[in-house]
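All remarks here apply to the structure that follows.
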Amino acid sequence: MTRDELLNTYKDIFVIKHPFVQHKLTSLRDKNTSTREFRMLVEELGTLIGYEATRDLETADIEIETPLEKAMCPALKGKKLCIVTIMRAGNGLAEGVLKLSPSARVGHVGLYRDPETKQPVEYYLKMPHSVNERTIIVVDPMLATGNSAIMAIDKMKEMGATDIRFICLFAAPEGIEAFKKAHSDVAMYIGAIDRELDENAYIRPGVGDAGDRIYGTR
Ligand SMILES: O=P(O)(O)OC[C@H]1O[C@H](OP(=O)(O)OP(=O)(O)O)[C@H](O)[C@@H]1O
Ligand SMILES: O=c1cc[nH]c(=O)[nH]1
Ligand SMILES: [Mg+2]
């Protein structure tokens, strides 16, 4: 499916076109961007896209006392947010979203893509309690085949989560289609929809291996 076909077929796919977001994504693509700068940019983008992804969070008025009088003012309602990072590369994005909501809970899903099969392999899972009562924001900079995000969200649903949204920086059209076929109820907040996957299931033009670029490994 083309980008436009995807956006016309599936609901709740939001591409964040803000100039700051687009400028920072371009810096990430640049192969000359240093590890330090790459890590900082991913975190900043977590905050910027996280802001868009939380626009509809519910508030309720609470009574507070200003230095001058009592007032009813809006505050976030319900249980604390839960940010779920798909390790490793999701960790940087999660830090950025946490800037918006420092008291959010954090879940970790450890997945790596088997280089041969391109299928995700689980090596870690730790979640806070009451996921069924929380808004869950799953974060991973890259959505390539979509298999890692689909598996992570499968796990959230197995634990009872019903209110889930997903943030990524770069997505391949193939990955978005697979994701929406598996989880049509999960809103996607995306920095850029790229052209295609290559024969190694890397996003083109993409950024290369996001985890390696964040942590300076190879
Ligand atoms: O959509 P998919 O085809 O599943 O690919 C995307 C996954 O691949 C990358 O992780 P990787 O396996 O490289 O692990 P890392 O974060 O530890 O580098 C990326 O961060 C996603 O989790
Ligand atoms: O392009 C890609 C695909 C998977 N994982 C990455 O880090 N980059
Ligand atoms: Mg990697």
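Atoms within a ligand are numbered from 1 in the order they appear, just like the ligands themselves.
In plain terms, the two heavy atoms of A171 and I190 that are nearest each other are CB-CG2, 4.0 Å. Taking every heavy atom of both residues into account, M142 and G208 meet most closely at CE-O, 4.1 Å. Scanning both residues, T47 and G96, for their nearest heavy atoms gives OG1-O, 2.7 Å.
Side chain of S184 to main chain of K181: no donor-acceptor pair is present (N/O by atom type, distance under 3.5 Å, no hydrogens or angles).
For a distance bound of 2.8 Å, the N, O or S atoms of D212 include none lying that close to the Mg ion (ligand 3).
Aromatic ring centres of Y189 and F166: separated by at least 6.0 Å.
Salt bridge annotation for K157-D185: present, with a cationic side-chain nitrogen under 4.0 angstrom from a carboxylate oxygen.
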N or O contacts of ligand 1 with protein under 3.5 Å, please list pair by pair.
unit_1   : atom_1 : unit_2 : atom_2 : d
ligand 1 : 1 (O)  : A144   : N      : 2.8
ligand 1 : 1 (O)  : T145   : N      : 3.1
ligand 1 : 1 (O)  : G146   : N      : 2.8
ligand 1 : 3 (O)  : R113   : NH1    : 2.8
ligand 1 : 3 (O)  : T145   : N      : 2.9
ligand 1 : 3 (O)  : T145   : OG1    : 2.5
ligand 1 : 4 (O)  : S148   : N      : 2.9
ligand 1 : 4 (O)  : S148   : OG     : 2.5
ligand 1 : 12 (O) : R113   : N      : 2.8
ligand 1 : 16 (O) : R88    : N      : 3.1
ligand 1 : 16 (O) : A89    : N      : 3.0
ligand 1 : 17 (O) : R88    : N      : 3.4
ligand 1 : 17 (O) : R88    : NE     : 2.9
ligand 1 : 18 (O) : R88    : NH2    : 2.9
ligand 1 : 20 (O) : D140   : OD1    : 2.9
ligand 1 : 22 (O) : D140   : OD2    : 2.4

Show the distances, to 0.1 Å, for all pairs joining an N/O atom of ligand 2 and a protein N/O atom that are shorter than 3.5 Å, listing one pair per line.
unit_1   : atom_1 : unit_2 : atom_2 : d
ligand 2 : 1 (O)  : I203   : N      : 2.8
ligand 2 : 7 (O)  : A210   : N      : 2.8
ligand 2 : 8 (N)  : G208   : O      : 2.8

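When the Mg ion (ligand 3) is compared with the N/O/S atoms of D209, atom OD1 turns out nearest.
Residue Y51 places its OH atom among 12 or fewer non-hydrogen atoms of other residues, nucleotides or ligands, all under 6.0 Å distant. Atom NZ of K80 has 12 or fewer heavy atoms from other residues, nucleotides or ligands within 6.0 Å. Crowding of K118 atom NZ: a count of heavy atoms from other residues, nucleotides or ligands under 6.0 Å exceeding 12.
Residue D194 is tested with R3, R29, R204 for a salt bridge (Lys or Arg N to Asp or Glu O under 4.0 Å); the sole match is R29.
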